[in-house]
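The first residue in the sequence is number 1, and the count goes up from there.
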Amino acid sequence: VMNTLDKIHDISIRLEHMHQAGDWLSRTLVHSDPSASHTGTLITVLVEDLRERILSLVAELETEIVSSRRTLEEVLQ
């Protein structure tokens, strides 16, 4: 379990780095290179979408594990 949590934490750190880089691009290049600035904004939006999807998957998996455990406990009784 700890290894899995470490992996999720690593993904979270990488996503945060991507978000910060995208935000920096969008703010820094807004006047000199609008296309690159837009790409930075797109990166931040995609990172937020990935975060939401990962959180949803983790919550869904947690629910399935709890449900499976309850079912197994009922069968064993």
Pairwise distance [atom1]([X]) to [atom2]([Y]) - rounded to 0.5 angstrom:
| X | Y | atom1 | atom2 | result |
| --- | --- | --- | --- | --- |
| Gln77 | Leu72 | CD | CG | 10.0 Å |
| Glu52 | Glu48 | CD | CD | 6.5 Å |
| Asp10 | Leu5 | CG | CG | 12.5 Å |
| Met18 | Thr44 | CE | OG1 | 10.0 Å |
| Ile13 | Ile8 | CD1 | CD1 | 12.5 Å |

**Q.** Nearest heavy-atom neighbours spanning Ser37 and Val30
**A.** OG-CA, 3.5 Å

Q: Could you tell me which non-hydrogen atom of Leu15 sits nearest to which non-hydrogen atom of Val47, and how far apart they are?
A: O-CG1, 3.3 Å

Answer yes or no: is there a donor N or O on one side and an acceptor on the other, between the side chain of [X] and the main chain of [Y], under 3.5 Å?
| X | Y | result |
| --- | --- | --- |
| Ser68 | Ile65 | no |
| Thr28 | Trp24 | yes |
| Thr63 | Ala59 | yes |

Q: Among Thr41, Leu42, Ile43, find the one that has a side chain to side chain contact (heavy atoms under 4.5 Å, CB included) with Ser26.
A: Thr41

Q) For Arg51 and Glu16, what are the C-alpha separation, side-chain angles and deciding distance, and is it a salt bridge (charged side-chain N to carboxylate O under 4.0 Å, His left out)? A) CA-CA 9 Å; Arg51 280 183 182 156; Glu16 180 59 29; 2.4 Å; yes

Q: Assess whether atom CZ of Arg27 is packed by more than 12 heavy atoms of other residues, nucleotides or ligands within 6.0 Å.
A: yes

Q) When clusters are formed by joining ILVMFWY residues with side-chain heavy atoms under 4.5 Å apart, either directly or through shared neighbours, do Ile11 and Leu50 land in the same one? A) yes

(Q) Would you say Leu29 ends up clustered with Val45 if hydrophobic residues are merged whenever their side chains have heavy atoms under 4.5 Å apart, either directly or through other cluster members? (A) no

**Q.** Qualifying residues under salt bridge (charged side-chain N to carboxylate O under 4.0 Å, His left out), relative to Glu73, sequence neighbours excluded
**A.** Arg69

